[in-house]
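Single-structure report; data block below.
Since the model is a prediction, treat every value here as computed from it, not as a measurement. Heads up: numbering here begins at 1 and tracks the sequence.
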Amino acid sequence: MYPHFYTTYRGNWTKEMRPTGCSNQPVLGTTPRNCNDNTCKFFPSVADNGNVTSSLMYLRNLPNITHFCDSKTHVKQAPTKHNVLCNGKDVDSIISANDDFKDVFEVAAPVGDTEFEILRASSRRVVFALDRSNATSEQNVWSALGPRLYALLHVLNRTEPNMEIGLVEFGGDKTET
């Protein structure tokens, strides 16, 4: 739906394929051979784009990207999800129009580095309580339950490798599990 390339036409109706996105200057990179608008992918060169500083929405993997595109660098006709959802407005204008930023002024002195702390949910904890009383041993529950419990633990380990699993026994005199 949102291609990596799109076709534009220069003044003399010469067809030109352009990477989908905006930047403060042309971005150098490669494409596979024999591609068209719908199948082409663009691979920007990290080494050859040292002066490219925008846009965070397009080339965030390049080392010097620090800005969003503004009204001077935004490409309204590019078939991007952003252009569809924001009626072709550039990111800088959209952010500046938000109530949170309306009265913000340009800072003359550089601001210190911003530090981000990435928070992750702690691992999930599951405790199995095993009833080892005479009633369960007389019904031979453990011979049927053991393989099923092992299979469940195997699945949990594959799907959530950081899960903490506890095993508690009660009601019997056995100490093995």
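Within the structure, salt bridge (charged side-chain N to carboxylate O under 4.0 Å, His left out) pairs that include any residue of residues 63-92 do not occur (at least two apart or interchain).
Contact check for I65 versus V52: side-chain heavy atoms found under the 4.5 Å cut-off. Using a 4.5 Å heavy-atom threshold, the side chains of L153 and I165 count as touching. Side-chain contact check for V46 versus L62: some heavy-atom pair is nearer than 4.5 Å.
The side-chain hydrogen bond (donor to acceptor under 3.5 Å, both in side chains) test applied to R148 returns no partner, not counting sequence neighbours. Remark: V84 pairs with Y2 by the side chain to side chain contact (heavy atoms under 4.5 Å, CB included) rule, at least two apart or across chains. By the side chain to side chain contact (heavy atoms under 4.5 Å, CB included) test, N51 is found to be paired with Q25, residues two or more places apart in sequence or in another chain being considered. Annotation: side chain to side chain contact (heavy atoms under 4.5 Å, CB included) contacts of D48 (sequence neighbours excluded): L28, S45. With sequence neighbours excluded, the residues forming a side chain to side chain contact (heavy atoms under 4.5 Å, CB included) with T80 are T20, A78, H82, N83, listed by chain and number.
No side-chain donor-acceptor contact under 3.5 Å links N24 and T73.
Of the possible polar contacts, one joining the H74 side chain to the G88 backbone as a donor-acceptor pair under 3.5 Å is found.
Atom OH in Y58 sits 6.5 Å away from atom OG in S23 (nearest 0.5 Å). The distance from the CG atom of L152 to the CG atom of L149 is 6.5 Å, given to the nearest 0.5 Å. Atom OG of S96 and atom CZ of F68 lie 10.5 Å apart (nearest 0.5 Å).
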(request) Any chance you could lay out the side chain to side chain contact (heavy atoms under 4.5 Å, CB included) test for L56 and H67, step after step, and finish with the verdict? (result) CA-CA 6 Å; L56 286 165; H67 296 85; 5.8 Å; no
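Residue M57 is grouped with residue F101 when hydrophobic side chains (ILVMFWY) are merged at heavy-atom distances under 4.5 angstrom, including chains of intermediate members.
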